[in-house]
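All remarks here apply to the structure that follows.
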Amino acid sequence: MGAKAEVRMSEARAWAYVILGGLLEIVWASGFKYEAVPGIVVLIALLTSFELIIKAAKVLPVGTVYAVFAGMGTLGTTIVEIVMSGGAVSMVRIVCILLLLACIVGLKLSGKGSET
């Protein structure tokens with residue numbers, strides 16, 4: 001009685017939230033190390049990224065959402081670290097980064113149409 005009906009978000013929008021949340025995770029995680037990222041930006045990125053994955057997990061399988069989110073953060077912060085350090089990258093590290101990327105893409109593709 002009087003309760004507002006909740007409209008279910010589309011899977012496409014939920015995936016957009018996961019991707020945006022993963023990108024924001026790169027911002028806040030990198031901000032822990034690099035002072036070029038202001039503390040307020042770190043805090044806003046952290047809170048927003050978790051809000052986005054919480055919303056996405058209501059539509060998509062939570063394990064897939066979290067794995068993609070964490071994988072994007074790991075991949076992104078590793079790339080930021082490589083760029084910021086200006087150091088050489090070993091072939092093993094490149095292979096691991098590419099493997100992680102392949103797993104993230106695989107999880108996204110295999111999650112299509114999965115039951116939550």
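Just so it is clear, the values below take in all heavy atoms, side chains as well, and ignore hydrogens, waters and symmetry mates.
Linking Ile, Leu, Val, Met, Phe, Trp and Tyr residues whenever their side-chain heavy atoms come within less than 4.5 Å leaves L99 and L75 in two separate clusters. The hydrophobic cluster containing V83 also contains V37, counting ILVMFWY residues as joined when their side-chain heavy atoms lie under 4.5 angstrom apart, directly or transitively. A single hydrophobic cluster is not seen to contain both L23 and I54; linkage of ILVMFWY side chains at heavy-atom distances under 4.5 Å, directly or through other members, places them apart. Residues L98 and V92 do not share a hydrophobic cluster, clusters being chains of Ile/Leu/Val/Met/Phe/Trp/Tyr side chains in contact below 4.5 Å. Using a 4.5 Å cut-off between side-chain heavy atoms of Ile, Leu, Val, Met, Phe, Trp and Tyr, with links allowed through other members, I26 and L101 fall into the same hydrophobic cluster.
Summarising the geometry, atom CG belonging to L52 is positioned 10.5 Å from atom CZ belonging to R13; distances are rounded to the nearest 0.5 Å. One finds the CD atom of E25 at 9.5 Å from the OG atom of S30 (value rounded to the nearest 0.5 Å). Taken to the nearest 0.5 Å, the CG atom of L24 stands 12.0 Å off from the CD1 atom of I19. The structure places CG of L60 at 13.0 Å from NZ of K58, a figure rounded to the nearest 0.5 Å. Here the CE atom belonging to M72 is positioned 8.5 Å from the CG atom belonging to L20, to the nearest 0.5 angstrom.
Ring centroid separation for the pair F69 and F50 comes in under the 6.0 Å cut-off.
The shortest side-chain heavy-atom distance between Y34 and V80 falls under the 4.5 Å cut-off. You'll find the side chain of E81 reaches within 4.5 Å of the side chain of K33, heavy atoms only. When side chains are defined from C-beta on, V68 counts as touching W15, because their heavy atoms get closer than 4.5 Å. Side-chain contact between T78 and L100 is absent, with no heavy atoms from C-beta onward closer than 4.5 Å.
T77 contributes a side-chain N or O that, together with a main-chain N or O of T74, makes up a donor-acceptor pair within less than 3.5 Å.
Considering every non-hydrogen atom in both R8 and V59, the closest pair reads NH2-O, 3.5 Å. In terms of heavy-atom proximity, V27 sits nearest to A45 at CG1-CB, 4.0 Å. The minimum heavy-atom distance linking A14 with A56 is given by the pair O-CB, 3.5 Å.
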